[in-house]
Visitor: 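Can you read through this structure? Questions will come right after.
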Amino acid sequence: MRELQAPKGVSEYFPPRSQYFELVRETLIDSARTAGYSLMELPVFEDTELFKRGVGESTDVVSKEMYTFEDRGGRSLTLRPEGTAGVMRSVIENNLDKLMLPIKVWYSGAFFRAERPQAGRYRQFYQVGIEAIGLNDPEIDFEVIAVADRAFKKLGLESYRLEITSLGDAKSRASHRKDLVSYISKLKLDDATLERAALNPLRLFDDKRPEIREAMASAPLLLDYLSPESKENFARVQELLNSAEIKFTINPLMVRGLDYYTGTTFEFISDKLGAQSGIGGGGRYDGLMAELGGNDLSGIGFGLGVDRVLLACEADGIFDASINKSDLDLFLIALSSDEKAFVSNLVNQLRNQGIACDMAYGDRALKGAMKSADKSGARFSAVIGADEITSGLVALKDMKSGESKEVRISSLAEEFKSN
Ligand code: HAM
């Protein structure tokens with residue numbers, strides 16, 4: 001029989017590493033919650049048209065990397081390559097934009113891009129994202145960046161940096177585009193590149209080929225075309241970042257992989273991750289909602305790559321074996337098979353009372369059972385034999401200090417609740 005394997009290039013997490021994945025994801029989510037964002041749980045697949053219109057046909061994501069399939073009703077569906085377009089679709093469809101603005105939501109889950117797999121780049125990966133929709137304030141741009149930065153700092157991450165730029169408003173982009181298109185028209189380019197440039201000339205700044213890089217080295221930069229409003233807005237965002245002591249550099253050459261960005265745009269980078277160094281990114285998107293058939297509201301958000309943040313934390317040595325993230329309060333061991341039913345019943349009762357506990361299963365000798373207690377990471381353990389059942393007393397062992405104290409079996413739950 002053929003051996004079954006996970007599909008090529010997907011990321012997956014299992015114990016013990018999954019506890020760190022969970023810790024990273026929860027820390028990112030917590031930072032969003034702390035800033036007033038509420039959960040949005042969205043479908044993993046959407047109408048293919050949503051991503052074509054939302055993310056843009058000039059992008060690699062749409063032109064090369066989508067997992068698109070036909071369902072049984074002949075509809076074209078696509079596994080979500082990113083979260084922002086889906087959030088917009090849901091906001092429009094459910095009239096959330098008629099409520100008080102801004103709408104502030106977070107989401108977390110799996111995303112899919114058919115990229116060439118390598119370290120830190122997967123075909124199924126995980127993001128935690130936020131979107132703040134409905135207002136175009138530099139204070140909100142700052143808030144979104146600060147939510148990501150706070151989460152990274154909370155994790156203890158040190159090897160990361162922030163790059164920002166502004167892609168300006170419609171006026172800024174129109175005047176830049178005119179000059180950029182005229183600059184590009186003087187270059188000798190192959191048909192495929194010309195086609196990409198026609199859809200979005202900014203894409204050429206992101207071309208990795210040395211000859212294109214060279215040709216683009218003196219191309220006009222959008223940052224030099226910002227309208228007075230965009231300039232002022234961008235300056236205010238920088239002021240706010242400075243006063244919060246969030247360090248950043250301005251990267252006028254930043255090109256994001258998705259077409260909807262306008263205004264403040266940013267990326268968080270970890271230099272310890274090799275080629276796949278982007279641990280998160282985002283920015284403002286002025287025309288996206290109108291493009292998808294909704295009101296003309298602006299928004300800003302980010303997507304943080306949980307897989308890559310975990311890799312960055314590991315590269316920084318944040319998660320070592322001394323961090324025991326077990327949720328267990330207590331691990332119980334039956335001295336012989338005679339006490340197993342008693343212990344099983346006790347464990348069940350303690351769990352009913354909210355105490356996190358587990359027990360040694362199977363018929364292992366005491367030594368083996370003690371090893372299980374160690375491995376479980378529980379804070380306390382206790383062995384229950386005939387004597388303990390008769391006396392109603394048990395020696396509760398602190399797994400860290402090795403010290404024991406005698407506790408009444410009937411008051412075990414209280415013991416932990418008061419701890
Ligand atoms: P993005 O930059 O395409 O933005 O993705 C955000 C993050 O997801 C990246 O910085 C990276 O950490 C992670 N990521 C992307 N692709 C992969 C992959 N193949 N394997 C592992 N990690 C990956 C967005 O998706 C936007 N929706 C963010 C956003 C929200 N902008 C505004 N609102």
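Both ligands and their constituent atoms are indexed starting at 1 by order of listing. Given the structure is predicted, the values throughout are model-derived calculations rather than measurements.
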Visitor: Should the pair Y13 and F21 be assigned to parallel (<30°), tilted (30 to 60°) or perpendicular (>60°) ring geometry?
Guide: parallel
Visitor: So which bit of E131 gets within less than 4.0 Å of ligand 1, heavy atoms only: side chain, backbone, both or neither?
Guide: side chain
Visitor: Given Q127, E267, R308, identify the one with the heavy atom nearest to atom 5 (O) of ligand 1.
Guide: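 When every heavy atom of Q127, E267, R308 is considered, Q127 comes closest to atom 5 (O) of ligand 1.
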Visitor: Should one rank V10, T265, T59, T84 by closest heavy-atom distance to atom 30 (C) of ligand 1, which comes out on top?
Guide: T84
Visitor: Taking non-hydrogen atoms only, is Q276 closer than 4.0 angstrom to ligand 1 via side chain, backbone, both or neither?
Guide: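 For Q276, no heavy atom sits under 4.0 Å from ligand 1.
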Visitor: Does any N or O of ligand 1 fall below 3.5 Å from an N or O anywhere on G278, backbone included?
Guide: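 By distance alone, the answer is yes.
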Visitor: Has ligand 1 got any nitrogen or oxygen that is less than 3.5 angstrom from a nitrogen or oxygen of F125?
Guide: no
Visitor: So for ligand 1, is Y107 a polar contact partner (N or O within less than 3.5 Å, distance only)?
Guide: no
Visitor: Provide the number and element of each atom of ligand 1 under 4.0 Å from a heavy atom of E82.
Guide: 25 (O), 26 (C), 27 (N)
Visitor: Where on Y260 is there a heavy atom closer than 4.0 Å to ligand 1, on the side chain, on the backbone, on both, or on neither?
Guide: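 Only the side chain of Y260 comes within reach of ligand 1.
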Visitor: Identify, by atom number and element, the atoms of ligand 1 in contact range of R121, meaning under 4.0 Å from any of its heavy atoms.
Guide: 19 (N), 20 (N)
Visitor: Just jot down the ligand 1 atoms closer than 4.0 angstrom to any heavy atom of G303, in number order.
Guide: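 Answer, ordered by atom number: 6 (C), 7 (C), 28 (C), 29 (C), 30 (C).
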Visitor: Side chain, backbone, both or neither: which applies to Y285 and ligand 1 if a contact is any heavy-atom pair less than 4.0 Å apart?
Guide: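 Side chain only.
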Visitor: Backbone, side chain, both or neither: what part of Y261 comes under 4.0 angstrom of ligand 1, heavy atoms only?
Guide: side chain
Visitor: Could you identify the single nearest non-hydrogen protein atom to atom 4 (O) of ligand 1 and state the distance to 0.1 Å?
Guide: R256 NH2, 3.1 Å
Visitor: Taking the basic N atoms (NZ, or NE/NH1/NH2) and the acidic carboxylate oxygens, is any pair closer than 4.0 Å for K400 and D398?
Guide: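 No, K400 and D398 are not salt-bridged.
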Visitor: Can a non-hydrogen atom of Y126 be found less than 4.0 Å from any atom of ligand 1?
Guide: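 No.
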Visitor: Look at the rings of F205 and H176 and say which category their plane angle falls in: under 30° parallel, 30 to 60° tilted, over 60° perpendicular.
Guide: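 F205 vs H176 ring planes: parallel.
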Visitor: Could you tell me, atom by atom, which parts of ligand 1 come under 4.0 Å of a heavy atom of I279?
Guide: 10 (O), 12 (O)
Visitor: Report yes if Y122 has an N/O atom closer than 3.5 Å to an N/O atom of ligand 1; otherwise report no.
Guide: yes
Visitor: Going by the order shown, which atoms of ligand 1 are within less than 4.0 Å of some heavy atom of L258?
Guide: 3 (O), 4 (O), 24 (C), 25 (O), 26 (C), 27 (N)
Visitor: Can you say whether the rings of F112 and Y67 are parallel (under 30°), tilted (30 to 60°) or perpendicular (over 60°)?
Guide: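 Rings of F112 and Y67: perpendicular, over 60°.
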Visitor: With side chains defined as the heavy atoms from C-beta onward, is the minimum distance between R25 and V128 less than 4.5 Å?
Guide: yes
Visitor: Considering S277, A119, G301, G129, which one's heavy-atom position lies nearest to atom 32 (C) of ligand 1?
Guide: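 Among S277, A119, G301, G129, the closest heavy atom to atom 32 (C) of ligand 1 comes from G301.
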Visitor: Run the numbers for me: atoms of ligand 1, each under 4.0 Å from some heavy atom of G282, listed by number.
Guide: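 Heavy-atom distances to G282 below 4.0 Å select 31 (N).
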